[in-house]
Amino acid sequence: MTTFSAPKGVPDYFPPVSATFAAVRDILLDAARLAGYGYIELPVFEDTALFARGVGESTDVVTKEMYTFTDRGGRSITLRPEGTAGVMRAVIEHGLDKGQLPVKLAYAGQFFRAEQPQAGRYRQFHQVGVEAIGVDDPALDAEVIAIADEAFRRMGLTGYRLELTSLGDASDRPAYRELLQAFLAKLPLDEETRRRATINPLRVLDDKRPEVRALVEDAPLMRDHLSDASRAHYEQVKDYLNDLGVKFVENPRMVRGLDYYTKTCFEFVHDGLGAQSAIGGGGRYDGLMEQLGGQPLSGVGFGLGVDRSLLACQVEGVQPGDVARCDVYGVALGEAAKSRLVALSAALRGAGVRFDLAYGGKGLKGAMKGADRSGAKFALVLGERDIEAGVVQLKELASGDQREVPLVDVVIAVREALGR
RNA sequence: GUGGGUGUAGCUCAGCUGGCAGAGCACUGGGUUGUGAUCCCAGGUGUCGCGGGUUCAAGUCCCGUCACUCACCCCA
């Protein structure tokens with residue numbers, strides 16, 4: 001008999017960890033909902049050209065990390081490597097940008113990149129993101145960042161920092177790029193690095209090797225070559241962040257792998273995760289919509305890495321969400337009692353109580369053990385004696401305290417005990 | 001694509017210079033035929049990743065191979 005394992009680089013999440021996974025995802029969706037973002041559900045695959053044009057033909061993501069295939073109709077299809085391009089496509093296709101602006105949307109789901117897997121880097125990964133489209137207001141940049149910050153805080157994380165910079169816009173970036181390339185051309189760089197300098201010179205600024213870092217220490221920085229408009233935008237974003245009480249550090253050497261980013265650019269970095277330390281990131285993308293055939297509207301957004309945020313929670317020992325499988329666990333002694341508990345399960349669940357019971361004719365000891373392992377706060381123990389007396393034993397598992405409750409009042413008693 | 005590390009029970013791992021395949025956790029039953037989490041007793045776990053070689057003898061040494069993993073790169 002042959003057995004199967006999951007494809008390389010693809011994580012499975014199952015109880016109890018999956019409860020934390022879902023909580024991490026839902027916390028951000030909830031934070032976005034509180035800020036007026038509507039949920040959008042998008043396809044997992046799109047026309048390959050959408051990503052090639054949106055993300056950028058020269059990016060690593062497009063040149064060597066996409067899952068691309070030809071479908072039966074001869075179309076080139078790609079599993080989405082990121083979220084923003086698909087959102088823009090949907091906005092343009094359905095004319096969502098023809099009404100009130102900004103259009104505020106949130107999404108969640110799987111993304112795919114054919115990379116070599118390592119800690120925190122998977123071939124299928126999960127992201128939750130938000131996009132605010134159509135208004136070039138620095139207060140929106142700050143809002144998007146604040147939503148992410150709020151989400152990380154509500155997860156219980158403390159060991160992260162927000163790094164911030166501005167990449168300039170279409171008017172000031174080309175001139176800076178030339179300036180930087182001219183600077184890099186004079187340095188004694190190896191061939192590989194030289195090639196990177198021509199494709200994306202910013203990346204050389206972010207090189208990890210100390211000798212390269214020393215070489216580029218005096219390199220010109222975008223921060224010092226922003227146009228007046230870009231500079232004003234950046235300063236206002238920082239002011240709004242201060243108003244929102246969001247702490248940040250400036251990192252003028254930050255690099256993003258997607259071509260569409262302009263002006264504000266940010267990354268949430270966690271130091272406990274090894275090499276893949278970004279738990280979320282994003283920025284403004286003022287030319288993207290027009291690039292994809294829509295109106296020339298600006299946008300700002302970010303994506304939160306659910307897998308990495310989950311790792312960060314594990315590193316910090318925090319556990320958002322509830323890993324308990326149920327609130328109340330039923331233990332029946334004998335067939336008559338089991339029938340009563342099965343009937344009761346419908347009533348309890350109907351009242352919103354998470355209820356499970358011991359199946360499979362376990363002994364009392366085994367059934368109580370099941371109650372303990374389920375994470376339930378209370379056990380309901382029912383035997384022949386109780387049925388005759390018209391009662392059921394309600395036991396608080398943490399303390400061991402047990403009291404009798406009339407069978408007819410059990411739903412009310414359980415809800416009361418749970419504080420609902 | 002390039003380097004390093006690791007593959008032994010469901011999980012985490014030990015196994016020395018080759019000499020009977022191990023522990024803890026988890027699981028099941030019992031101590032208590034109406035009470036879990038603590039304690040005691042009992043129980044079963046295995047193509048030692050796979051293929052070849054050396055040897056009286058290989059989990060252990062050698063060669064190959066596959067997988068996983070960390071890092072470069074890249075990014076969430």
Side-chain angles (χ1 to χ4, degrees), chain A residues 1 3 5-11 14 24-25 28 55 59-65 80-84 108-129 148 160 192-193 195-196 199-200 203 206-209 254-258 261 266-270 273-282 301-312 329 331-334 337 358 360 362-387 392-402 404:
Chain A
M1 190 67 137
T3 59
S5 55
K8 188 182 181 72
V10 173
F14 44 86
V24 164
R25 179 193 58 207
L28 179 70
V55 177
T59 59
D60 278 29
V61 168
V62 169
T63 55
K64 50 189 190 195
E65 295 172 2
R80 59 183 181 183
E82 59 93 53
T84 303
Q110 295 93 323
F111 297 87
F112 307 85
R113 292 184 198 172
E115 298 185 273
Q116 205 55 248
Q118 69 182 71
R121 187 169 76 185
Y122 307 102
R123 291 186 169 180
Q124 172 179 280
F125 56 100
H126 302 77
Q127 240 175 284
V128 191
Y160 67 90
E192 176 63 33
T193 310
R195 188 161 47 241
R196 271 196 285 157
I199 297 169
N200 186 350
R203 271 190 211 155
D206 199 34
D207 200 298
K208 286 177 182 168
R209 293 168 294 183
M254 189 196 306
V255 179
R256 309 249 70 213
L258 312 180
Y261 287 115
F266 61 92
E267 210 167 78
F268 286 84
V269 180
H270 198 286
L273 299 185
Q276 308 303 319
S277 58
I279 53 177
F302 85 98
L304 173 148
V306 178
D307 311 85
R308 289 184 189 174
S309 298
L310 174 62
L311 288 173
Y329 194 91
V331 174
L333 294 146
K362 283 192 179 62
L364 178 62
K365 191 187 175 92
M368 285 306 295
K369 195 161 185 164
D372 187 53
R373 296 300 149 95
S374 75
K377 287 190 170 58
F378 294 93
L380 278 177
V381 184
L382 188 67
E384 304 295 335
R385 287 198 321 241
D386 303 303
I387 294 176
V392 61
Q393 307 296 328
L394 178 63
K395 177 167 186 168
E396 186 178 25
L397 289 163
S399 64
D401 295 344
Q402 182 170 313
E404 283 186 4

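What you see below is based on every heavy atom in this structure, not just the backbone, and it leaves out hydrogens, waters and symmetry mates. Below, chains carry the letters A, B, ... as their sequence lines are ordered, and counting in each starts from 1.
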Proximal nucleotide (of [options]) relative to the [X] side chain:
{"X": "Lys64(A)", "options": "U35(B), C73(B), G36(B)", "value": "C73(B)"}
{"X": "Arg203(A)", "options": "U2(B), U35(B), C74(B)", "value": "C74(B)"}
{"X": "Tyr122(A)", "options": "A76(B), G34(B), U2(B)", "value": "A76(B)"}
{"X": "Leu258(A)", "options": "U35(B), G34(B), A76(B)", "value": "A76(B)"}
{"X": "Gln118(A)", "options": "A37(B), G34(B), C72(B)", "value": "C72(B)"}
{"X": "Arg373(A)", "options": "C74(B), A37(B), A76(B)", "value": "A37(B)"}
{"X": "Lys395(A)", "options": "G1(B), G36(B), A76(B)", "value": "G36(B)"}

Quiz item: Is any side-chain N or O of Arg256(A) under 3.5 Å from a base N or O of C74(B), one able to act as donor and the other as acceptor?
Solution: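 Such a pair does not exist between side chain and base.
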Quiz item: Hey, is Phe111(A) stacking on A76(B)? Ring centres under 5.5 Å, planes under 30°.
Solution: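 No, aromatic ring not over the base.
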Practice problem: May I ask you to verify if any side-chain N or O of Gln127(A) is less than 4.0 angstrom from the OP1 or OP2 atom of A76(B)? | Solution: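 Looking at the OP1 and OP2 atoms of A76(B), neither is under 4.0 Å from any side-chain N or O of Gln127(A).
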Exercise. Any strand is fair game: report the nucleotide pairing with C72(B) by Watson-Crick or G-U wobble, both distances under 3.5 Å, or none.
Key: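 G1(B) - that is the nucleotide pairing with C72(B), both distances being under 3.5 Å.
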Practice problem: Please determine, for C56(B), whether a Watson-Crick or G-U wobble partner exists with both distances under 3.5 Å, and give it or none. | Solution: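 Here C56(B) is engaged in a pair, and the nucleotide opposite it is G19(B).
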Quiz item: When you match Ala278(A) and Ser5(A) each to their closest nucleotide on RNA chain B, which lands nearer the 5' end?
Solution: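 First, find each residue's nearest nucleotide; the 5'-ward one identifies Ser5(A).
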Quiz item: When the nearest nucleotide of RNA chain B is assigned to Glu396(A) and to Gly9(A) on a heavy-atom basis, which residue is associated with the more 5' position?
Solution: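 Looking at the nearest nucleotide for each, Glu396(A) comes out on the 5' side.
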Quiz item: When rounded to the nearest Å, what value does the distance between C1' atoms of C25(B) and C61(B) take?
Solution: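 C25(B) and C61(B) have their C1' atoms separated by 33 Å.
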